Amino acid sequence: MNLILFGPPAAGKGTQAKRLVETRGMVQLSTGDMLRAAIASGSELGLKVKDVLARGDLVTDEIVIALIEDRLPEAEAAGGAIFDGFPRTVAQAEALDAMLAKRGAQIDAVVRLKVDDAALTERIAKRFAEQGRPDDNPATFVDRLAVYNKQTAPLLPYYEAQGKLTEIDGMGSIEEVTAGLDAALNGAAA
């Protein structure tokens with residue numbers, strides 16, 4: 001099963017992805033983690049990524065897709081992938097569909113964790129005050145949330161038209177979100 005997990009920063013995607021890795025054996029394909037690993041590896045692709053980021057540019061779709069394609073055999077062997085942070089545009093979604101189709105696979109489910117932006121911003125401010133995580137800076141977070149909402153909006157109708165989109169309440173407890181995610185995945189597998 002291949003799953004795309006949508007949700008803004010701090011919506012709980014990481015928590016749910018870790019649970020799916022543990023309970024279903026899926027492989028989490030987080031573009032942020034893959035970019036950091038590529039840089040750390042010192043590979044040709046990693047050096048290219050490091051150079052792009054050092055210039056302050058965005059990593060191209062071509063590079064991100066190459067990173068994902070490189071990890072697909074691992075995900076296939078494990079029985080599925082959780083795409084986290086990808087796709088971010090319709091062009092990336094189309095490229096992912098084409099890449100998977102060449103491998104005889106597809107996206108089976110797209111789950112969006114719906115959250116209340118104001119409540120999420122409050123949650124982040126509290127976490128920033130308690131833990132001081134730099135990526136939780138409330139002012140920066142508001143910008144990240146706006147970018148996420150703008151980028152993700154066109155993807156929702158794309159996957160809804162394919163009949164793959166399920167939305168669950170991401171503001172519930174971890175257990176409630178887990179139950180909603182399990183129901184969505186069990187429905188997609190049926």
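Sequence positions, counted from 1, serve as the residue numbers for this chain. Everything numeric here is computed off the predicted structure, so don't read it as measured data.
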**Item:** Step-by-step side-chain contact (heavy atoms from CB on, under 4.5 Å) determination, V110 to L3
**Value:** CA-CA 6 Å; V110 178; L3 162 71; over 6 Å; no

**Message:** Using the side chain to side chain contact (heavy atoms under 4.5 Å, CB included) definition, which of the options I68, I65, L67 pairs with T31?
**Reply:** I68

**From CA spacing to verdict: side-chain contact (heavy atoms from CB on, under 4.5 Å), F86, L96** = CA-CA 9 Å; F86 183 86; L96 178 60; 3.9 Å; yes

**Asked** Around atom CD1 of I174, are there more than 12 heavy atoms of other residues, nucleotides or ligands at under 6.0 Å?
**Response** no

**Complete:** One should read off an interatomic distance between D97 CG and Q162 CD, to the nearest 0.5 angstrom, of 5.0 Å

**F6 backbone acceptor or donor facing K13 side chain under 3.5 Å** = no

Check: residues 75-84 side-chain donor-acceptor pairs under 3.5 Å, at least two apart:
| from | atom 1 | to | atom 2 | distance (Å) |
| --- | --- | --- | --- | --- |
| E76 | OE1 | R103 | NH2 | 3.0 |
| E76 | OE2 | R103 | NE | 2.6 |
| D84 | OD2 | Q28 | NE2 | 2.8 |

Could you give the side-chain donor-acceptor pairs of residues 147-157 under 3.5 Å, partners two or more places apart or in another chain?
| from | atom 1 | to | atom 2 | distance (Å) |
| --- | --- | --- | --- | --- |
| Y148 | OH | G7 | N | 2.9 |
| N149 | ND2 | D117 | OD2 | 3.0 |
| N149 | ND2 | L145 | O | 3.3 |
| T152 | OG1 | Y148 | O | 2.8 |

**Message:** Looking at every heavy atom in both Q16 and L5, which two are closest together, and how far apart are they?
**Reply:** CB-CD2, 4.3 Å

**Request:** Might you confirm whether atom CD of Q131 has over 12 heavy atoms from other residues, nucleotides or ligands at distances under 6.0 Å?
**Result:** yes

**Message:** Just verifying a value: how many Å separate L120 CG and R127 CZ, rounded to the nearest 0.5 Å?
**Reply:** 8.5 Å

**Prompt:** More than 12 foreign heavy atoms under 6.0 Å from NZ of K50: is that the case here?
**Reply:** no

**Asked** Does anything in residues 63-73 pair up under salt bridge (Lys or Arg N to Asp or Glu O under 4.0 Å), and if so which pairs, sequence neighbours excluded?
**Response** R71-E74

**Prompt:** Less than 4.0 Å between a side-chain N and a carboxylate O, is that true for D51 and K48?
**Reply:** no

**Request:** Determine whether R24 and L185 make a side-chain contact, defined as any pair of heavy atoms from C-beta on separated by less than 4.5 Å.
**Result:** yes

**Nearest-0.5 Å distance that lies between atom CD1 in I107 and atom CE in M1** = 10.5 Å

**Prompt:** Are side-chain heavy atoms of T178 and T15 found at a separation under 4.5 Å?
**Reply:** no

